[in-house]
Amino acid sequence: MDRFFEGLDREQKEAVFSSSRIVLVVAPPGSGKTRVLVARFLHLIERDVAPSSIVAVTFTNRASLEMKQRVSTLLPFPPHTLNINTFHRLCLGILRRELGGFVLCSRDGQIAHLRELGIRNPEAGVERISRLKNLLFHGYRDATRDELELLSQYQNRLEERGELDLDDLILRTIRLLEEDPVLLETYRERFTHILVDEYQDINPPQSRLIRLLVGNNGGLFAIGDPDQSIYNFRGANLRGFLEFREHYPDASILTLSTNYRSAKRIVHMSSSVIQKNTMRMDRAVKSIRDGGDVMVVECTDEKDEGEFIVREIESIMGGLTSLTTGREKEGFRFSDLAVLYRTNSQKDALREVFSRCSIPYRIIGEKDDSFKSFADHLKGITPEGVSLLSDLIKKEAILMGMDEGTTELLTHRASFYDTLGIEEGLRRFYEDLLFMEPQDTYDVEADRVTLMTIHMAKGLEFQVVFIAGCNEGLLPLAMRDTDLEEERRLLYVAITRAKEKVYLLFTKKRRMWGEVRETPPSRFIDDIPRELVTMKRTARKKTKKRMKQHGLFE
DNA sequence: AGGTCGGATATTTTT
DNA sequence: TATCCGACCT
(Lines give C-alpha, C1' and ligand atoms only; values in the text may rest on other atoms or scores of the structure.)
Protein backbone atom coordinates (compact mmCIF):
# COMPACT_ATOMS: atom_id res chain seq x y z
CA MET A 1 0.00 0.00 0.00
CA ASP A 2 2.89 2.35 0.72
CA ARG A 3 4.05 1.55 -2.79
CA PHE A 4 0.73 2.85 -4.00
CA PHE A 5 1.24 6.18 -2.24
CA GLU A 6 4.84 6.45 -3.46
CA GLY A 7 3.61 6.34 -7.03
CA LEU A 8 1.78 9.65 -6.56
CA ASP A 9 3.26 12.96 -7.70
CA ARG A 10 3.64 15.99 -5.43
CA GLU A 11 0.28 17.52 -6.30
CA GLN A 12 -1.53 14.23 -6.02
CA LYS A 13 0.02 13.63 -2.59
CA GLU A 14 -0.96 17.10 -1.46
CA ALA A 15 -4.55 16.29 -2.31
CA VAL A 16 -4.55 12.76 -0.91
CA PHE A 17 -2.95 13.71 2.41
CA SER A 18 -4.67 17.07 2.84
CA SER A 19 -5.77 17.56 6.44
CA SER A 20 -8.58 19.95 5.46
CA ARG A 21 -12.06 18.81 6.33
CA ILE A 22 -13.31 19.96 2.93
CA VAL A 23 -11.19 19.43 -0.17
CA LEU A 24 -11.96 20.18 -3.81
CA VAL A 25 -9.50 18.87 -6.38
CA VAL A 26 -9.46 20.24 -9.91
CA ALA A 27 -8.30 17.30 -11.98
CA PRO A 28 -7.70 17.74 -15.70
CA PRO A 29 -7.99 14.82 -18.14
CA GLY A 30 -5.47 12.08 -17.52
CA SER A 31 -4.26 13.57 -14.23
CA GLY A 32 -4.95 10.44 -12.20
CA LYS A 33 -8.35 11.38 -10.81
CA THR A 34 -9.51 7.89 -9.93
CA ARG A 35 -6.08 7.06 -8.54
CA VAL A 36 -6.24 10.05 -6.21
CA LEU A 37 -9.75 9.17 -5.10
CA VAL A 38 -8.75 5.60 -4.34
CA ALA A 39 -5.62 6.82 -2.53
CA ARG A 40 -7.72 9.17 -0.38
CA PHE A 41 -9.94 6.22 0.50
CA LEU A 42 -6.90 4.21 1.59
CA HIS A 43 -5.48 7.20 3.47
CA LEU A 44 -8.69 7.54 5.47
CA ILE A 45 -8.55 3.84 6.32
CA GLU A 46 -4.94 4.32 7.46
CA ARG A 47 -6.14 7.12 9.72
CA ASP A 48 -8.43 4.54 11.34
CA VAL A 49 -11.64 5.66 9.74
CA ALA A 50 -13.96 2.64 9.52
CA PRO A 51 -14.70 1.66 5.91
CA SER A 52 -18.40 1.76 6.70
CA SER A 53 -18.07 5.47 7.59
CA ILE A 54 -16.77 6.36 4.15
CA VAL A 55 -19.21 6.96 1.34
CA ALA A 56 -17.89 7.34 -2.19
CA VAL A 57 -20.36 8.67 -4.71
CA THR A 58 -20.07 8.48 -8.47
CA PHE A 59 -22.49 9.26 -11.27
CA THR A 60 -22.18 6.11 -13.31
CA ASN A 61 -22.35 2.43 -12.52
CA ARG A 62 -19.20 2.00 -14.54
CA ALA A 63 -17.26 4.45 -12.36
CA SER A 64 -18.54 2.98 -9.10
CA LEU A 65 -17.73 -0.55 -10.18
CA GLU A 66 -14.24 0.47 -11.23
CA MET A 67 -13.56 2.24 -7.95
CA LYS A 68 -15.01 -0.60 -5.93
CA GLN A 69 -12.74 -3.08 -7.66
CA ARG A 70 -9.67 -0.90 -7.26
CA VAL A 71 -10.25 -0.32 -3.56
CA SER A 72 -11.11 -3.92 -2.79
CA THR A 73 -7.96 -5.25 -4.44
CA LEU A 74 -5.86 -2.93 -2.26
CA LEU A 75 -7.74 -3.49 1.00
CA PRO A 76 -8.99 -6.66 2.67
CA PHE A 77 -12.66 -5.67 2.43
CA PRO A 78 -15.03 -7.56 0.13
CA PRO A 79 -16.55 -5.26 -2.51
CA HIS A 80 -20.12 -5.43 -1.23
CA THR A 81 -19.09 -4.08 2.19
CA LEU A 82 -17.81 -0.85 0.65
CA ASN A 83 -20.12 2.16 0.38
CA ILE A 84 -19.10 2.99 -3.16
CA ASN A 85 -22.23 3.83 -5.08
CA THR A 86 -23.90 6.03 -7.60
CA PHE A 87 -25.97 8.91 -6.21
CA HIS A 88 -29.12 7.04 -7.11
CA ARG A 89 -28.10 3.79 -5.50
CA LEU A 90 -27.01 5.57 -2.33
CA CYS A 91 -30.43 7.19 -2.12
CA LEU A 92 -32.17 3.95 -2.97
CA GLY A 93 -30.43 2.35 -0.01
CA ILE A 94 -31.48 5.12 2.36
CA LEU A 95 -35.09 5.10 1.13
CA ARG A 96 -35.36 1.30 1.24
CA ARG A 97 -34.28 1.42 4.85
CA GLU A 98 -36.38 4.39 5.90
CA LEU A 99 -39.48 4.20 3.69
CA GLY A 100 -39.68 0.52 2.95
CA GLY A 101 -42.04 -0.63 0.24
CA PHE A 102 -42.04 1.25 -3.01
CA VAL A 103 -41.50 0.30 -6.60
CA LEU A 104 -38.96 1.85 -8.91
CA CYS A 105 -40.39 3.33 -12.07
CA SER A 106 -38.08 2.56 -14.97
CA ARG A 107 -37.64 4.77 -17.98
CA ASP A 108 -40.00 2.52 -19.91
CA GLY A 109 -42.50 2.89 -17.09
CA GLN A 110 -42.21 6.67 -17.27
CA ILE A 111 -42.80 6.57 -21.01
CA ALA A 112 -45.87 4.38 -20.52
CA HIS A 113 -47.30 6.81 -17.95
CA LEU A 114 -46.77 9.78 -20.21
CA ARG A 115 -48.21 7.98 -23.19
CA GLU A 116 -51.34 7.18 -21.22
CA LEU A 117 -51.52 10.82 -20.23
CA GLY A 118 -51.75 11.62 -23.93
CA ILE A 119 -48.30 13.09 -24.45
CA ARG A 120 -47.32 13.24 -28.10
CA ASN A 121 -43.63 12.50 -27.66
CA PRO A 122 -43.30 10.55 -24.41
CA GLU A 123 -39.53 10.05 -24.76
CA ALA A 124 -38.93 13.77 -24.86
CA GLY A 125 -41.56 14.11 -22.13
CA VAL A 126 -39.44 12.05 -19.76
CA GLU A 127 -36.66 14.61 -20.10
CA ARG A 128 -39.06 17.51 -19.69
CA ILE A 129 -40.50 16.02 -16.54
CA SER A 130 -37.07 15.39 -15.14
CA ARG A 131 -35.86 18.89 -15.91
CA LEU A 132 -39.00 20.41 -14.45
CA LYS A 133 -38.75 18.41 -11.22
CA ASN A 134 -35.17 19.44 -10.70
CA LEU A 135 -35.82 23.07 -11.60
CA LEU A 136 -38.81 23.33 -9.26
CA PHE A 137 -36.61 21.92 -6.55
CA HIS A 138 -34.54 25.08 -6.37
CA GLY A 139 -37.39 27.51 -6.63
CA TYR A 140 -37.91 27.85 -10.38
CA ARG A 141 -41.32 29.42 -10.83
CA ASP A 142 -41.51 30.04 -14.57
CA ALA A 143 -43.10 26.72 -15.47
CA THR A 144 -46.18 27.05 -17.66
CA ARG A 145 -49.58 25.98 -16.38
CA ASP A 146 -49.56 23.08 -18.84
CA GLU A 147 -46.20 21.91 -17.59
CA LEU A 148 -47.29 22.04 -13.97
CA GLU A 149 -50.53 20.25 -14.82
CA LEU A 150 -48.67 17.48 -16.63
CA LEU A 151 -46.20 17.12 -13.80
CA SER A 152 -48.96 16.86 -11.21
CA GLN A 153 -50.87 14.27 -13.23
CA TYR A 154 -47.69 12.27 -13.74
CA GLN A 155 -46.78 12.50 -10.07
CA ASN A 156 -50.29 11.37 -9.10
CA ARG A 157 -49.95 8.30 -11.24
CA LEU A 158 -46.66 7.42 -9.55
CA GLU A 159 -48.17 7.94 -6.13
CA GLU A 160 -51.24 5.82 -6.87
CA ARG A 161 -48.97 2.95 -7.78
CA GLY A 162 -46.46 3.48 -5.01
CA GLU A 163 -43.73 4.22 -7.53
CA LEU A 164 -40.67 6.44 -7.41
CA ASP A 165 -38.79 7.49 -10.52
CA LEU A 166 -35.06 8.10 -10.68
CA ASP A 167 -35.30 11.79 -9.81
CA ASP A 168 -37.56 10.97 -6.87
CA LEU A 169 -34.80 8.86 -5.36
CA ILE A 170 -32.68 11.97 -4.86
CA LEU A 171 -35.50 14.40 -4.14
CA ARG A 172 -37.29 12.17 -1.64
CA THR A 173 -34.07 11.46 0.20
CA ILE A 174 -33.44 15.18 0.57
CA ARG A 175 -36.98 15.74 1.81
CA LEU A 176 -36.70 12.86 4.23
CA LEU A 177 -33.47 14.13 5.74
CA GLU A 178 -34.61 17.75 5.85
CA GLU A 179 -37.88 16.87 7.57
CA ASP A 180 -36.33 14.61 10.17
CA PRO A 181 -33.38 16.20 12.01
CA VAL A 182 -32.90 13.13 14.18
CA LEU A 183 -32.60 10.91 11.13
CA LEU A 184 -30.27 13.39 9.47
CA GLU A 185 -28.04 13.29 12.53
CA THR A 186 -28.02 9.50 12.37
CA TYR A 187 -26.80 9.58 8.79
CA ARG A 188 -24.22 12.27 9.52
CA GLU A 189 -22.83 10.04 12.23
CA ARG A 190 -22.91 7.02 9.98
CA PHE A 191 -21.26 8.69 6.98
CA THR A 192 -18.47 10.82 8.37
CA HIS A 193 -16.42 11.04 5.17
CA ILE A 194 -17.84 11.61 1.73
CA LEU A 195 -15.92 11.30 -1.51
CA VAL A 196 -17.46 12.62 -4.73
CA ASP A 197 -16.16 11.76 -8.18
CA GLU A 198 -16.81 13.84 -11.35
CA TYR A 199 -17.95 16.75 -9.21
CA GLN A 200 -18.51 18.93 -12.28
CA ASP A 201 -21.54 16.78 -13.10
CA ILE A 202 -23.36 17.53 -9.88
CA ASN A 203 -26.80 19.10 -10.18
CA PRO A 204 -28.46 21.33 -7.54
CA PRO A 205 -30.36 18.56 -5.72
CA GLN A 206 -27.28 16.36 -5.58
CA SER A 207 -25.23 19.28 -4.33
CA ARG A 208 -27.82 19.89 -1.61
CA LEU A 209 -27.81 16.23 -0.64
CA ILE A 210 -24.06 16.30 -0.19
CA ARG A 211 -24.23 19.49 1.87
CA LEU A 212 -26.89 17.90 4.07
CA LEU A 213 -24.81 14.81 4.71
CA VAL A 214 -21.58 16.72 5.27
CA GLY A 215 -23.06 19.18 7.75
CA ASN A 216 -20.69 21.14 9.95
CA ASN A 217 -18.41 18.31 10.94
CA GLY A 218 -18.29 15.80 8.12
CA GLY A 219 -15.41 15.41 5.70
CA LEU A 220 -15.84 16.04 1.99
CA PHE A 221 -13.36 15.19 -0.72
CA ALA A 222 -14.63 16.20 -4.16
CA ILE A 223 -12.75 15.81 -7.40
CA GLY A 224 -13.59 16.76 -10.95
CA ASP A 225 -12.88 18.94 -13.94
CA PRO A 226 -15.04 21.96 -14.79
CA ASP A 227 -13.70 21.81 -18.36
CA GLN A 228 -15.39 18.43 -18.71
CA SER A 229 -18.83 19.56 -17.60
CA ILE A 230 -21.04 18.35 -20.46
CA TYR A 231 -24.38 17.68 -18.81
CA ASN A 232 -25.72 21.20 -18.57
CA PHE A 233 -28.85 20.13 -20.39
CA ARG A 234 -29.59 17.86 -17.43
CA GLY A 235 -29.12 20.63 -14.93
CA ALA A 236 -25.51 19.85 -14.08
CA ASN A 237 -23.71 23.10 -14.78
CA LEU A 238 -20.50 24.71 -13.65
CA ARG A 239 -22.21 26.39 -10.74
CA GLY A 240 -21.60 23.47 -8.43
CA PHE A 241 -17.90 23.93 -9.00
CA LEU A 242 -17.75 27.70 -9.10
CA GLU A 243 -19.88 28.03 -5.96
CA PHE A 244 -17.94 25.46 -3.99
CA ARG A 245 -16.23 28.08 -1.88
CA GLU A 246 -19.58 29.70 -1.06
CA HIS A 247 -21.01 26.37 0.02
CA TYR A 248 -17.88 25.46 1.96
CA PRO A 249 -16.01 28.63 3.04
CA ASP A 250 -13.14 26.77 4.69
CA ALA A 251 -12.48 24.47 1.75
CA SER A 252 -9.03 23.70 0.40
CA ILE A 253 -9.08 23.97 -3.37
CA LEU A 254 -6.20 22.12 -5.03
CA THR A 255 -5.21 21.61 -8.63
CA LEU A 256 -3.52 18.75 -10.44
CA SER A 257 -1.65 19.86 -13.52
CA THR A 258 0.00 16.88 -15.18
CA ASN A 259 -1.73 14.97 -17.91
CA TYR A 260 -0.20 11.48 -17.88
CA ARG A 261 -2.48 10.20 -20.61
CA SER A 262 -2.01 12.22 -23.77
CA ALA A 263 1.15 12.97 -25.71
CA LYS A 264 2.37 16.56 -25.76
CA ARG A 265 0.91 17.69 -29.04
CA ILE A 266 -2.53 16.45 -28.05
CA VAL A 267 -2.35 18.20 -24.68
CA HIS A 268 -1.30 21.48 -26.32
CA MET A 269 -3.98 21.21 -28.96
CA SER A 270 -6.72 20.49 -26.42
CA SER A 271 -5.56 23.43 -24.28
CA SER A 272 -5.67 25.78 -27.22
CA VAL A 273 -9.28 24.77 -27.83
CA ILE A 274 -10.55 24.98 -24.26
CA GLN A 275 -8.76 28.25 -23.53
CA LYS A 276 -11.28 30.03 -25.74
CA ASN A 277 -13.93 29.48 -23.08
CA THR A 278 -14.52 32.44 -20.80
CA MET A 279 -16.39 30.63 -18.03
CA ARG A 280 -13.57 28.61 -16.62
CA MET A 281 -11.02 28.25 -13.86
CA ASP A 282 -7.82 28.99 -15.71
CA ARG A 283 -5.02 26.51 -15.29
CA ALA A 284 -2.07 25.12 -17.17
CA VAL A 285 -1.79 21.45 -18.03
CA LYS A 286 1.62 19.82 -18.44
CA SER A 287 2.30 16.72 -20.43
CA ILE A 288 5.09 14.28 -19.74
CA ARG A 289 5.21 12.45 -23.05
CA ASP A 290 6.62 13.92 -26.25
CA GLY A 291 5.05 13.44 -29.62
CA GLY A 292 1.47 12.72 -30.47
CA ASP A 293 -0.32 13.21 -33.76
CA VAL A 294 -3.17 15.54 -34.53
CA MET A 295 -4.79 15.20 -37.92
CA VAL A 296 -7.46 17.42 -39.41
CA VAL A 297 -9.14 15.66 -42.31
CA GLU A 298 -11.45 17.10 -44.90
CA CYS A 299 -13.95 14.65 -46.39
CA THR A 300 -16.57 15.15 -49.07
CA ASP A 301 -19.50 13.70 -47.15
CA GLU A 302 -20.32 11.35 -44.27
CA LYS A 303 -19.80 8.28 -46.42
CA ASP A 304 -16.37 9.46 -47.42
CA GLU A 305 -15.69 10.23 -43.77
CA GLY A 306 -16.57 6.69 -42.73
CA GLU A 307 -14.49 5.21 -45.51
CA PHE A 308 -11.49 7.29 -44.53
CA ILE A 309 -11.79 6.08 -40.93
CA VAL A 310 -12.02 2.46 -42.00
CA ARG A 311 -9.05 2.77 -44.37
CA GLU A 312 -7.03 4.53 -41.70
CA ILE A 313 -7.84 1.83 -39.14
CA GLU A 314 -6.77 -0.85 -41.62
CA SER A 315 -3.55 1.03 -42.13
CA ILE A 316 -2.92 1.54 -38.41
CA MET A 317 -3.62 -2.10 -37.69
CA GLY A 318 -1.24 -3.18 -40.39
CA GLY A 319 -3.61 -4.36 -43.04
CA LEU A 320 -3.02 -4.46 -46.77
CA THR A 321 -2.56 -0.73 -46.97
CA SER A 322 0.38 -0.79 -44.64
CA LEU A 323 2.15 -3.30 -46.86
CA THR A 324 1.84 -1.04 -49.85
CA THR A 325 2.86 2.11 -48.01
CA GLY A 326 5.58 0.44 -46.01
CA ARG A 327 4.18 1.84 -42.78
CA GLU A 328 5.19 -0.14 -39.74
CA LYS A 329 2.74 -1.76 -37.41
CA GLU A 330 2.28 0.35 -34.33
CA GLY A 331 1.22 -2.46 -32.06
CA PHE A 332 -2.32 -1.28 -31.37
CA ARG A 333 -5.27 -3.49 -30.67
CA PHE A 334 -8.68 -2.75 -32.16
CA SER A 335 -9.89 -1.87 -28.67
CA ASP A 336 -7.28 0.91 -28.57
CA LEU A 337 -9.29 2.77 -31.20
CA ALA A 338 -12.50 4.74 -30.87
CA VAL A 339 -14.75 6.67 -33.20
CA LEU A 340 -16.60 9.47 -31.41
CA TYR A 341 -19.43 11.65 -32.63
CA ARG A 342 -21.73 14.35 -31.31
CA THR A 343 -25.08 12.84 -32.22
CA ASN A 344 -26.43 9.35 -32.53
CA SER A 345 -27.79 10.21 -35.97
CA GLN A 346 -24.21 10.04 -37.22
CA LYS A 347 -23.84 6.38 -36.41
CA ASP A 348 -25.94 5.14 -39.32
CA ALA A 349 -23.42 6.25 -41.92
CA LEU A 350 -20.58 4.81 -39.84
CA ARG A 351 -22.36 1.50 -39.26
CA GLU A 352 -22.94 1.23 -43.00
CA VAL A 353 -19.21 1.44 -43.71
CA PHE A 354 -18.06 -0.71 -40.78
CA SER A 355 -20.58 -3.45 -41.51
CA ARG A 356 -19.07 -3.92 -44.95
CA CYS A 357 -15.45 -4.29 -43.83
CA SER A 358 -13.73 -6.89 -41.69
CA ILE A 359 -12.82 -4.61 -38.78
CA PRO A 360 -14.34 -5.86 -35.50
CA TYR A 361 -16.38 -2.99 -34.06
CA ARG A 362 -19.00 -2.21 -31.49
CA ILE A 363 -21.53 0.59 -31.36
CA ILE A 364 -22.46 1.61 -27.81
CA GLY A 365 -26.07 2.52 -27.21
CA GLU A 366 -27.75 0.63 -30.03
CA LYS A 367 -31.46 0.41 -29.48
CA ASP A 368 -31.70 -3.31 -30.06
CA ASP A 369 -28.90 -3.94 -27.63
CA SER A 370 -28.79 -7.56 -26.55
CA PHE A 371 -28.36 -6.43 -22.95
CA LYS A 372 -31.81 -4.88 -22.91
CA SER A 373 -33.50 -7.97 -24.23
CA PHE A 374 -31.59 -10.02 -21.70
CA ALA A 375 -32.79 -7.74 -18.89
CA ASP A 376 -36.37 -8.14 -20.11
CA HIS A 377 -35.90 -11.88 -20.33
CA LEU A 378 -34.66 -12.08 -16.73
CA LYS A 379 -37.70 -10.27 -15.41
CA GLY A 380 -39.87 -13.08 -16.72
CA ILE A 381 -38.03 -15.81 -14.79
CA THR A 382 -39.15 -17.27 -11.50
CA PRO A 383 -36.19 -18.33 -9.40
CA GLU A 384 -37.61 -21.69 -8.32
CA GLY A 385 -35.13 -24.32 -7.33
CA VAL A 386 -32.13 -22.07 -7.77
CA SER A 387 -29.82 -21.76 -4.83
CA LEU A 388 -27.49 -19.08 -6.15
CA LEU A 389 -28.62 -16.04 -8.09
CA SER A 390 -25.26 -15.82 -9.84
CA ASP A 391 -25.67 -19.37 -11.17
CA LEU A 392 -29.10 -18.52 -12.52
CA ILE A 393 -27.78 -15.42 -14.27
CA LYS A 394 -24.87 -17.31 -15.73
CA LYS A 395 -27.08 -20.08 -17.02
CA GLU A 396 -29.55 -17.70 -18.64
CA ALA A 397 -26.81 -15.51 -20.09
CA ILE A 398 -25.21 -18.50 -21.79
CA LEU A 399 -28.63 -19.59 -23.00
CA MET A 400 -29.25 -16.15 -24.49
CA GLY A 401 -25.82 -16.07 -26.07
CA MET A 402 -24.57 -13.00 -24.19
CA ASP A 403 -20.93 -12.15 -24.71
CA GLU A 404 -18.46 -13.29 -22.09
CA GLY A 405 -17.67 -9.88 -20.64
CA THR A 406 -21.30 -8.96 -20.05
CA THR A 407 -22.02 -12.36 -18.55
CA GLU A 408 -19.12 -11.93 -16.17
CA LEU A 409 -20.21 -8.44 -15.11
CA LEU A 410 -23.78 -9.53 -14.47
CA THR A 411 -22.67 -12.63 -12.61
CA HIS A 412 -20.29 -10.55 -10.54
CA ARG A 413 -23.09 -8.15 -9.68
CA ALA A 414 -25.45 -11.01 -8.86
CA SER A 415 -22.91 -12.61 -6.55
CA PHE A 416 -23.21 -9.61 -4.22
CA TYR A 417 -26.76 -10.71 -3.59
CA ASP A 418 -26.20 -14.43 -3.21
CA THR A 419 -25.82 -13.89 0.53
CA LEU A 420 -29.27 -12.31 0.79
CA GLY A 421 -31.17 -15.56 -0.09
CA ILE A 422 -32.04 -16.08 -4.00
CA GLU A 423 -36.35 -13.63 -3.38
CA GLU A 424 -34.62 -10.61 -1.75
CA GLY A 425 -31.51 -11.10 -3.84
CA LEU A 426 -33.49 -11.31 -7.04
CA ARG A 427 -35.49 -8.19 -6.19
CA ARG A 428 -32.31 -6.26 -5.57
CA PHE A 429 -30.83 -7.57 -8.78
CA TYR A 430 -33.86 -6.44 -10.78
CA GLU A 431 -33.38 -2.97 -9.34
CA ASP A 432 -29.80 -3.12 -10.53
CA LEU A 433 -31.00 -3.93 -14.01
CA LEU A 434 -33.22 -0.87 -13.89
CA PHE A 435 -30.19 1.30 -13.24
CA MET A 436 -28.03 -0.36 -15.81
CA GLU A 437 -27.50 0.88 -19.30
CA PRO A 438 -25.82 -0.92 -22.16
CA GLN A 439 -22.65 1.09 -21.67
CA ASP A 440 -22.29 -0.27 -18.13
CA THR A 441 -22.00 -3.80 -19.34
CA TYR A 442 -20.15 -3.49 -22.57
CA ASP A 443 -17.23 -5.82 -22.70
CA VAL A 444 -14.21 -3.55 -22.38
CA GLU A 445 -11.95 -6.53 -22.88
CA ALA A 446 -13.36 -7.36 -26.29
CA ASP A 447 -10.90 -6.42 -28.99
CA ARG A 448 -13.14 -4.19 -31.05
CA VAL A 449 -13.14 -0.64 -32.30
CA THR A 450 -15.66 1.29 -30.21
CA LEU A 451 -18.13 3.71 -31.76
CA MET A 452 -20.03 5.98 -29.40
CA THR A 453 -21.17 9.51 -28.64
CA ILE A 454 -18.74 11.89 -26.98
CA HIS A 455 -20.94 11.89 -23.88
CA MET A 456 -20.47 8.14 -23.53
CA ALA A 457 -16.72 8.44 -23.90
CA LYS A 458 -16.16 10.60 -20.84
CA GLY A 459 -13.87 8.80 -18.42
CA LEU A 460 -12.45 6.48 -21.08
CA GLU A 461 -9.13 6.58 -22.90
CA PHE A 462 -7.87 5.24 -26.23
CA GLN A 463 -4.62 5.25 -28.17
CA VAL A 464 -6.31 6.61 -31.26
CA VAL A 465 -9.48 8.68 -31.42
CA PHE A 466 -11.43 9.66 -34.52
CA ILE A 467 -13.80 12.58 -33.99
CA ALA A 468 -16.33 12.46 -36.81
CA GLY A 469 -18.43 15.40 -37.87
CA CYS A 470 -16.35 18.39 -36.74
CA ASN A 471 -18.72 20.61 -38.65
CA GLU A 472 -20.70 23.74 -37.95
CA GLY A 473 -24.17 22.61 -36.96
CA LEU A 474 -22.93 19.31 -35.56
CA LEU A 475 -20.06 20.26 -33.26
CA PRO A 476 -21.08 22.84 -32.15
CA LEU A 477 -24.51 21.29 -32.49
CA ALA A 478 -27.09 23.78 -33.75
CA MET A 479 -29.95 23.97 -31.28
CA ARG A 480 -32.44 26.62 -30.24
CA ASP A 481 -30.20 27.57 -27.38
CA THR A 482 -26.77 26.23 -28.25
CA ASP A 483 -24.31 26.68 -25.41
CA LEU A 484 -21.09 27.24 -27.34
CA GLU A 485 -18.92 26.82 -24.28
CA GLU A 486 -20.48 23.46 -23.50
CA GLU A 487 -20.02 22.35 -27.11
CA ARG A 488 -16.37 23.39 -26.86
CA ARG A 489 -16.05 21.33 -23.68
CA LEU A 490 -17.49 18.37 -25.58
CA LEU A 491 -14.76 18.68 -28.16
CA TYR A 492 -12.25 18.99 -25.31
CA VAL A 493 -13.52 15.77 -23.76
CA ALA A 494 -13.32 14.02 -27.13
CA ILE A 495 -9.75 15.17 -27.85
CA THR A 496 -8.47 14.32 -24.39
CA ARG A 497 -9.60 10.69 -24.69
CA ALA A 498 -6.62 10.17 -27.03
CA LYS A 499 -3.19 9.07 -25.90
CA GLU A 500 -1.29 9.07 -29.20
CA LYS A 501 -3.38 10.13 -32.16
CA VAL A 502 -6.44 12.17 -32.71
CA TYR A 503 -8.25 12.78 -35.99
CA LEU A 504 -10.70 15.63 -36.39
CA LEU A 505 -12.82 14.90 -39.43
CA PHE A 506 -15.14 17.33 -41.15
CA THR A 507 -17.18 17.03 -44.31
CA LYS A 508 -17.93 19.55 -47.04
CA LYS A 509 -21.52 18.44 -47.20
CA ARG A 510 -23.66 16.05 -45.24
CA ARG A 511 -27.23 14.90 -44.93
CA MET A 512 -28.87 16.74 -42.05
CA TRP A 513 -32.54 17.07 -41.24
CA GLY A 514 -33.43 15.06 -44.29
CA GLU A 515 -31.54 17.09 -46.85
CA VAL A 516 -27.97 17.37 -48.10
CA ARG A 517 -26.42 20.56 -46.85
CA GLU A 518 -23.17 22.41 -47.26
CA THR A 519 -21.45 22.09 -43.90
CA PRO A 520 -18.51 24.37 -43.09
CA PRO A 521 -15.80 23.03 -40.80
CA SER A 522 -16.33 23.57 -37.09
CA ARG A 523 -15.30 27.00 -35.85
CA PHE A 524 -13.40 25.15 -33.12
CA ILE A 525 -10.89 23.93 -35.71
CA ASP A 526 -9.86 27.56 -36.19
CA ASP A 527 -8.73 27.61 -32.57
CA ILE A 528 -6.06 24.99 -33.18
CA PRO A 529 -2.56 26.33 -33.90
CA ARG A 530 -1.64 25.15 -37.36
CA GLU A 531 1.83 24.02 -36.41
CA LEU A 532 0.30 21.32 -34.19
CA VAL A 533 -1.74 19.59 -36.87
CA THR A 534 -1.38 17.74 -40.13
CA MET A 535 -3.98 18.64 -42.73
CA LYS A 536 -5.37 15.90 -44.94
CA ARG A 537 -7.90 15.67 -47.68
CA THR A 538 -9.60 12.47 -48.78
CA ALA A 539 -10.67 13.58 -52.24
CA ARG A 540 -8.44 14.81 -55.05
CA LYS A 541 -10.87 17.57 -55.86
CA LYS A 542 -9.74 21.17 -55.74
CA THR A 543 -10.58 21.80 -52.16
CA LYS A 544 -7.58 23.91 -51.32
CA LYS A 545 -9.44 27.09 -52.06
CA ARG A 546 -12.15 26.20 -49.57
CA MET A 547 -9.64 25.37 -46.88
CA LYS A 548 -7.93 28.67 -47.52
CA GLN A 549 -11.27 30.40 -47.15
CA HIS A 550 -11.68 28.90 -43.74
CA GLY A 551 -8.21 29.93 -42.71
CA LEU A 552 -6.81 26.42 -42.52
CA PHE A 553 -4.02 27.01 -45.00
CA GLU A 554 -1.87 30.04 -45.50
C1' DA B 1 -50.46 -12.13 -34.15
C1' DG B 2 -48.21 -9.93 -38.05
C1' DG B 3 -48.19 -6.81 -42.20
C1' DT B 4 -48.69 -2.49 -44.51
C1' DC B 5 -49.66 2.31 -45.05
C1' DG B 6 -49.34 7.26 -44.10
C1' DG B 7 -47.91 10.98 -41.32
C1' DA B 8 -44.94 13.06 -38.23
C1' DT B 9 -40.18 13.86 -36.94
C1' DA B 10 -35.48 14.50 -37.23
C1' DT B 11 -30.24 17.53 -31.69
C1' DT B 12 -26.94 15.70 -26.68
C1' DT B 13 -29.04 11.73 -22.27
C1' DT B 14 -24.54 9.46 -16.19
C1' DT B 15 -29.34 7.27 -13.21
C1' DT C 1 -34.76 11.04 -46.84
C1' DA C 2 -34.93 7.23 -43.32
C1' DT C 3 -37.17 5.74 -39.30
C1' DC C 4 -40.71 5.13 -35.97
C1' DC C 5 -45.43 4.87 -34.40
C1' DG C 6 -50.24 4.29 -34.55
C1' DA C 7 -54.10 2.93 -37.22
C1' DC C 8 -56.05 -0.26 -39.81
C1' DC C 9 -56.16 -4.59 -42.28
C1' DT C 10 -55.80 -9.73 -42.81
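Given the structure is predicted, the values throughout are model-derived calculations rather than measurements. So you know, we letter chains A, B, ... as the sequences are listed, proteins then strands, and number each from 1.
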Would you mind reading off the distance between A:Leu484 atom CG and B:dT12 atom P, rounded to a whole angstrom?
18 Å

With under 30° as parallel and over 60° as perpendicular, where do the rings of A:Tyr199 and A:Phe241 fit, or are they tilted in between?
perpendicular

What is the separation between atom CE on A:Met479 and atom P on B:dT11, rounded to the nearest whole Å?
12 Å

Write down the distance separating the P atoms in B:dT12 and C:dC5, rounded off to the nearest Å.
15 Å

Whole-Å distance between B:dT15 C1' and A:Asp165 CG?
10 Å

Over all strands shown, is A:Glu198 touching base, sugar-phosphate only, or nothing at heavy-atom distances under 4.0 angstrom?
nothing

Ring geometry between A:Phe59 and A:Phe87 (parallel below 30°, tilted from 30 to 60°, perpendicular above 60°)
tilted

Could you please name the option among B:dT15, B:dT12, B:dT14 that lies closest to any side-chain atom of A:His455?
B:dT12

Whole angstrom is fine here: how far is it from CG in A:Asp201 over to P in B:dT12?
18 Å

Output yes if the stacking criterion (under 5.5 Å between centres, under 30° between planes) is met for A:Tyr231 over the base of B:dT14, else no.
yes

Should A:Glu98 and A:Tyr187 be marked as a side-chain hydrogen bond (donor to acceptor under 3.5 Å, both in side chains) after you check the CA-CA gap, both sets of side-chain angles, and the distance that decides it?
CA-CA 11 Å; A:Glu98 308 302 334; A:Tyr187 276 98; 2.6 Å; yes

Length of the line joining A:Asn134:CG and B:dT15:C1', which is rounded to integer Å:
11 Å

Rounded to the Å, how far apart are A:Arg89 CZ and B:dT15 C1'?
9 Å

Does A:Arg239 count as lying over the ring of A:Phe244, i.e. NZ or CZ under 6.0 Å from the six-ring centre, within 45 degrees of the axis?
no

Rounded distance in Å - CD1 (A:Ile364) to P (B:dT13):
12 Å

Check whether any side-chain N or O of A:Asn61 sits under 4.0 Å from OP1 or OP2 of B:dT15, and answer yes or no.
yes

Rounded P spacing from B:dT11 to C:dC4 in Å
11 Å

Quick one: which of B:dT15, B:dT11, C:dT1 gets closest to the side chain of A:Leu166?
B:dT15

Calculate the interatomic distance between A:Leu114 atom CG and C:dC5 atom P; express it in whole Å.
15 Å

Mind checking A:Asn344 for me? I need base, sugar-phosphate or nothing, with any heavy atom below 4.0 Å counting as a touch.
sugar-phosphate

Quick one: which of B:dT12, B:dT14, C:dT1 gets closest to the side chain of A:Arg511?
C:dT1

With A:Leu169, which of A:Ile94, A:Leu92, A:Thr86, A:Leu90 fulfils side-chain contact (heavy atoms from CB on, under 4.5 Å)?
A:Leu92

Please determine, for the side chain of A:His88, which listed nucleotide (B:dT15, B:dT11, B:dT13) has the closest atom?
B:dT15

Can a side chain N or O of A:Thr58 be found less than 4.0 Å away from OP1 or OP2 on B:dT14?
no

